Amino acid sequence: AGICERRTQVVNWDPVDMTVLANEQVIDGHGWRSGALVEKREIPGYYLKITAYAEELLDHTLTQLPGWPERVRLMQENWIGKSEGVRFAFPHEVKGADGKLIGDGRMYVFTTRPDTIMGVTFCAVAPEHPLAEHAAAADPRVAAFIDKAKQGGTTEAELALKEKEGVPTGLFVTHPLTGDKVEVWVGNYVLMSYGDGAVMGVPAHDERDFIFAKKYNLPIRQVVGVEGKTYSTDAWQEWYADKQTGKCVNSGKYDGLSYKAAIDAVAADLAAKGLGEKKTTWRLRDWGVSRQRYWGTPIPIIHCPDHGAVPVPEKDLPVVLPEDCIPDGSGNPLNKNAAFLNVACPTCGKPAKRETDTMDTFVDSSWYFMRYCSPGSDDAMVDARNDYWMPMDQYIGGIEHAILHLLYARFWTKVMRDLGLVRFDEPFVNLLCQGMVLNQAYSRKPGEGGKEYFWEEELDVVRDEHRRIVSAKLKRDGSPVEHELTTMSKSKSNGVDPQDLIEKYGADTARLYVMFTSPPEQSLEWSDAGVDGSARFLRRFWTFGHAWAEAIAGAGKVEAAALAEPLKALRREVYTVLRQIDFDIKRIQYNTVVSGAMKMLNALEQAPRGDAKAAAVVREGLSILIRVMNPVVPHVTHALWEELGYAAQYGDLLDAPWPLVDEAALKSDVVELMLQINGKLRGSISVPATAPKEEIEKLALAAPVVQKFMEGKPAKKVVVVPGRLVNIVV
RNA sequence: GCGAAGGUGGCGGAAUUGGUAGACGCACUGGAUUUAGGUUCCAGCGCCGCAAGGCGUAAGGGUUCGAGUCCCUUCUUUCGCACCA
């Protein structure tokens, strides 16, 4: 479909990561991420043209994803990184060693502030820029600077803290509008990978340029003014860079123009000279999907000396990987597997080589969810069932997928749409990013190198009276270790094996604990004591059900009108909690769904034994409790439903309807109202539920507590909130 | 630096969105059962105070009969991005 291309792309390459992953020679397709990865290489491989969808991806991020968390939308927006401005050239006469003009005599830059072009007092290029390299050949100081700039720190933090430094090249370019000579500097803050690796320097209106100019005593020329404000080169101020309020000054024919008008005028003039035009720059780059590992999905291409890259014919698909490959640390083992490698060219039949790059795992994770909708379909990626089920109502995943997986899946969906395979733009209507599970990790730093982690079993941990960790020592030699709360990880020796939990408590306990301990979007701190608590609740639930089994079997329907107040109150509690649970499920707050279930059990446990009416109420309440807990603890509830005879009467629990709130059961004859004097809680009164406001006011004023606190003063104002409280202002 | 979300007991966290702050659970304390440990059950548990009462949702101010919730200022934590021209 023209969406995939075999070519090279300049990427940032992390030589360190390569050594870490000793068993595979990895060219990480995401290596173009700026940051820790510093070495730039031209990487050949297969690229998916996600940049062709940049505009639409951005547009849909802003308009079609209201069911996504704000922060994920923002991360995607920043990742796509749209930037509108003008790309233009500074002409020059600098010739290279070959006698030809470098860059055909044009040094291109990109700017989002073309309205400040008259304030250019210098230019800066990246250390890797051809002009910088040319200057380095003639001037050892420039060469030394470039060497230093290229070394530097490799982590993001070091890069950010690095001071902005530069060195003049002694080369000059011509300002495209004024014709002035402008000196070119090499700056360590200019990125070769963004735009053209060169920037115009407008110190008056760009904070970074301002600092740079002050440091090297370069001229600062104000070209934007705001009425009532005076420009001073002494210190940087926020408004210097403001686009909204300013107008051009000291800018010749552009004087008086606003930001937008100035951009149009400058762009038009540059275009008339053939030196520039408006341009949109993206941070997003094409997606390199080639991997030099053998276990990925094969790329179905055969390389023929005569016919180049030939697709594997459909009848020979899928290409199946050999199963006898053993990685030996010397690169992709497929390259040494003759049986896999040597094939005949599908076009001419002559000997040819199979492609040994495999696909990034993100490729298949970009549409696996659609494939689930078309199980067993042998002759298509997806069939009509996909149209029914997709787009997905609710996607749940970790925040670590906020950018790459979700962006790739959205891109893939749009490609499938353009191929006529699906009929929607976006795959995920609602997105929930669940939190991660945290646990204490214990470590020490044995001199140079990384941390050494220990399991808690290897340590003597001292805790205070509240069980908080005071200190920890290694059992075998008594040396102290540090502790920190962090994500569970194999490498940090702080993971909890689900299998151990299942063996000790059963799967339901583990589910209940995770659901109950924190809301889904928050991270969760692991606690063995908390798990015990969850097991305790399930045991009580189970014991309670069986203690009432016989009574329930003989119980009839609840006759609400015949119930005395304590049993009425019990039903009221059950249905009040059910209403709360319904509310919490809708807003995906499962921790309070569980606490609601605990309240329900607490209430039901108060029911008197040996009472037929109580048995009917318990039978009803327990049927509700079992059903609301079924999604959380499916095994325990399933067994209770069967053993208490609900299944025989109502059918399988999975088919049982969700319990409905009995509005009549929520009604109470009397309500308790809080009494406040001047907004302070002083007591409460019980009033008939039907009492009108005036009646409530009278009862409240007559209450002994109120009399006491009013001290005989008259009530200035009485606020009655029905069903809640009475506030008396004196 | 920019952006986003937070700050509530000893701890995890509730508070149906301006109306009883601390639900539910963990931990802890006392009691009962038990030969003992564990389990289970009962009671207590924000802080100060013998009590009456006072004070309490990061700090300060404001709106309101009433503020954890709304507004302003400050402090602070976590996460994301980070020389993007």
Side-chain angles (χ1 to χ4, degrees), chain A residues 34-35 69-75 77-79 81-83 85 109-113 116 124 126 156-157 159-164 187-191 193-202 206-209 211-212 281-283 399 402-403 463-468 512-513 516-519 521-534 536-537 539-540 543 576-577 579-584 586-587 589 591-599 601-602 672-684 715-721 723-730:
Chain A
S34 60
E70 169 75 16
R71 60 179 175 144
V72 176
R73 282 205 305 259
L74 261 165
M75 281 159 82
E77 196 184 327
N78 292 339
W79 192 260
K82 183 180 186 176
S83 177
V109 300
F110 176 74
T111 179
T112 55
R113 295 300 305 273
T116 65
E156 288 186 6
L159 281 172
L161 290 170
K162 206 158 70 175
E163 201 172 330
K164 287 155 191 47
N188 64 352
Y189 64 93
V190 185
L191 301 176
S193 56
Y194 188 81
D196 294 276
V199 296
M200 66 177 197
V202 184
D206 179 282
E207 185 168 10
R208 193 183 34 209
D209 292 346
I211 294 164
F212 194 79
T281 304
W282 304 85
R283 210 181 81 102
I399 189 68
I403 296 172
R463 293 170 191 270
D464 69 9
E465 63 197 294
H466 300 299
R467 296 189 59 93
R468 286 178 300 203
L512 183 75
Y513 171 71
F516 173 60
T517 305
S518 67
E521 291 192 272
Q522 265 182 47
S523 58
L524 175 157
E525 187 183 338
W526 194 262
S527 146
D528 291 334
V531 178
D532 281 337
S534 294
R536 201 144 54 219
F537 168 73
R539 213 153 43 225
R540 259 175 58 211
T543 308
T576 303
V577 172
R579 193 172 53 174
Q580 175 231 309
I581 285 175
D582 283 346
F583 178 79
D584 289 340
K586 281 195 195 104
R587 55 178 186 151
Q589 200 180 76
N591 55 326
T592 47
V593 170
V594 174
S595 78
M598 290 171 169
K599 274 161 101 164
L601 181 63
N602 290 346
E672 195 185 16
L673 297 182
M674 294 304 122
L675 290 178
Q676 294 182 345
I677 313 290
N678 291 338
K680 274 189 201 237
L681 185 68
R682 295 299 182 187
S684 65
K716 218 192 273 179
K717 186 174 181 181
V718 180
V719 181
V720 178
V721 184
R724 294 254 181 216
L725 54 77
V726 182
N727 188 16
I728 297 158
V729 187
V730 292

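These numbers were taken from a predicted model, which means no experiment stands behind them. Within every chain, numbering begins at 1; the chains are lettered A, B, ... in the order of the sequence lines, protein sequences first and strands thereafter.
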Participant: Hey, could you give me the CZ/CG distance between A/F212 and A/N188, rounded to the nearest 0.5 Å?
Facilitator: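 Separation between the atoms: 7.5 Å.
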Participant: Rounding to a whole Å, what distance do you find between A/I581:CD1 and B/rA23:C1'?
Facilitator: 13 Å
Participant: CD1 of A/I211 versus P of B/rG1: gap in Å, rounded?
Facilitator: 12 Å
Participant: Just to be sure I understand the rule, does A/R73 reach a base, reach only the sugar-phosphate, or reach nothing, if contact means heavy atoms closer than 4.0 Å?
Facilitator: nothing
Participant: Can any side-chain N or O of A/N727 pair as donor or acceptor with the backbone N or O of A/V718 at less than 3.5 Å?
Facilitator: no
Participant: Looking at A/N591 and A/T517, would you say the former's side chain and the latter's main chain have a donor-acceptor pair under 3.5 Å?
Facilitator: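 No.
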Participant: Look through every strand shown and name the nucleotide pairing with B/rU34 as Watson-Crick or G-U wobble, where both distances are under 3.5 Å.
Facilitator: none
Participant: Could you state the CG-P distance from A/N78 to B/rG1, rounded to the nearest angstrom?
Facilitator: 18 Å
Participant: Between A/I403 (CD1) and B/rA82 (C1'), how many Å, whole number?
Facilitator: 12 Å
Participant: Of A/M75 and A/V199, whose closest RNA chain B nucleotide lies nearer the 5' terminus?
Facilitator: A/M75
Participant: Once you apply the 3.5 Å cut-off to both distances, tell me the Watson-Crick or G-U wobble partner of B/rG44, or none.
Facilitator: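 B/rG44 is paired with B/rC28.
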Participant: Specify the separation, in whole Å, of atom NZ of A/K680 and atom P of B/rA67.
Facilitator: 10 Å
Participant: In whole Å, what separates the P atom of B/rG68 from that of B/rU77?
Facilitator: 25 Å
Participant: Are A/Q522 and A/L524 side-chain neighbours, meaning at least one heavy-atom pair lies under 4.5 Å?
Facilitator: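 No. Closest side-chain heavy atoms not under 4.5 Å.
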Participant: Counting N and O atoms only, with roles assigned by atom type, does the side chain of A/Q580 sit under 3.5 Å from a partner on the main chain of A/T592, one being a donor and the other an acceptor?
Facilitator: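 Yes, because the side chain of A/Q580 sits within donor-acceptor range (under 3.5 Å) of the backbone of A/T592.
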Participant: Please state the C1' separation for the pair B/rG46 and B/rC41 - nearest whole angstrom.
Facilitator: 27 Å
Participant: Would you say that A/W282 contacts A/S83 through its side chain, given a criterion of any heavy-atom pair below 4.5 Å between the two side chains?
Facilitator: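 Counting from C-beta outward, A/W282 and A/S83 never come under 4.5 Å.
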Participant: As a test of the definition: with a 90° window around 0 for syn, would you call B/rG49 syn or anti?
Facilitator: anti
Participant: For atom C1', what is the distance between B/rU8 and B/rA21, given to the nearest Å?
Facilitator: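 Result for the C1' pair: 8 Å, nearest Å.
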Participant: From the list B/rC84, B/rG3, B/rA85, which nucleotide is the closest neighbour of the side chain of A/R283?
Facilitator: B/rC84
Participant: Which of the following nucleotides, B/rA4, B/rC24, B/rC83, is nearest to the side chain of A/N602?
Facilitator: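 In terms of side-chain proximity for A/N602, the closest of B/rA4, B/rC24, B/rC83 is B/rC24.
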Participant: For B/rA51, give its Watson-Crick or G-U wobble partner with both distances under 3.5 Å, or none.
Facilitator: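 Pair assignment: B/rA51 / none.
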Participant: Taking the chi torsion of B/rU8, is it syn (within 90° of 0) or anti (everything else)?
Facilitator: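 With its glycosidic angle more than 90° from zero, B/rU8 counts as anti.
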Participant: Using atom P in both nucleotides, what's the gap between B/rA5 and B/rG38 to the nearest angstrom?
Facilitator: 47 Å
Participant: Counting only Watson-Crick or G-U wobble pairs whose two distances fall under 3.5 Å, which nucleotide matches B/rU78?
Facilitator: B/rA4
Participant: Let me know the distance between CZ of A/R208 and P of B/rC2, rounded to the nearest Å.
Facilitator: 15 Å
Participant: So, A/D206 side chain and A/R208 main chain: donor-acceptor pair closer than 3.5 Å or not?
Facilitator: yes
Participant: What nitrogen or oxygen pairs link the protein and nucleotides 37-48 of chain B at under 3.5 Å?
Facilitator:
residue : atom : partner : partner atom : Å
B/rU40  : OP1  : A/R539  : NH2          : 3.3

Participant: What nucleic acid atoms does A/G533 come within less than 4.0 Å of, heavy atoms only: base, sugar-phosphate, or nothing?
Facilitator: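 Touches sugar-phosphate only.
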Participant: What's A/K716 touching, base or sugar-phosphate or nothing? Going by heavy atoms closer than 4.0 Å.
Facilitator: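 It contacts nothing in the nucleic acid.
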Participant: What one-letter contact string describes nucleotides 13-19 of chain B from 5' to 3', where B marks a base within less than 4.0 Å of any protein heavy atom, S marks contact via sugar-phosphate atoms alone, and - marks no contact?
Facilitator: SSSSB-B
Participant: Write down the distance between CD (A/E521) and C1' (B/rG12), rounded to a whole number of angstrom.
Facilitator: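 So the two atoms are 17 Å apart, to the nearest Å.
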Participant: Rounding to the closest angstrom, what is the interatomic distance between B/rC83 and B/rG12 at atom P?
Facilitator: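 35 Å, rounded to whole Å.
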Participant: First locate atom NZ of A/K716, then atom CD1 of A/I728, and finally report the distance between them rounded to the nearest 0.5 Å.
Facilitator: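 The CD1 atom of A/I728 is 14.0 Å from NZ of A/K716, to the nearest 0.5 Å.
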Participant: Would you kindly compare A/D209 and A/K599 by the position of their nearest RNA chain B nucleotide and give the one closer to the 5′ end?
Facilitator: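 First, find each residue's nearest nucleotide; the 5'-ward one identifies A/K599.
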Participant: Which value, in whole Å, describes the distance between the P atoms of nucleotides B/rU64 and B/rU76?
Facilitator: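 To the nearest whole Å, 32 Å.
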Participant: Atom CE in A/M598, atom CZ in A/F537: separation rounded to 0.5 Å?
Facilitator: 5.5 Å
Participant: Could you give the distance from NZ (A/K586) to CD1 (A/I581), rounded to the nearest 0.5 Å?
Facilitator: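 One gets 12.5 Å once the value is rounded to the nearest 0.5 Å.
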Participant: What's the gap between B/rU35 and B/rA27 when it is taken at their C1' atoms, as a whole Å value?
Facilitator: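 Going atom to atom, C1' in each nucleotide, I get 28 Å.
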Participant: Send over the distance from A/D528 CG to B/rC26 P, rounded to a whole Å.
Facilitator: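 Taking CG of A/D528 and P of B/rC26, I get 14 Å after rounding.
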Participant: Test your reading of the model: is there a side-chain donor-acceptor pair from A/Y513 to the backbone of A/S527, 3.5 Å cut-off?
Facilitator: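 At least one qualifying donor-acceptor pair exists.
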Participant: So what's B/rC65 paired with, Watson-Crick or G-U wobble, going by both distances under 3.5 Å?
Facilitator: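 Across all strands, the one nucleotide that pairs with B/rC65 is B/rG19.
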Participant: Verify, without hydrogens or angle tests, whether A/N78 (side chain) and A/G81 (backbone) share a donor-acceptor contact under 3.5 angstrom.
Facilitator: no
Participant: With heavy atoms under 4.0 Å as the rule, sort A/V202 into base, sugar-phosphate or nothing.
Facilitator: nothing
Participant: Say we look at B/rA15 and B/rG22: how far apart would their C1' atoms be, to the nearest angstrom?
Facilitator: 8 Å
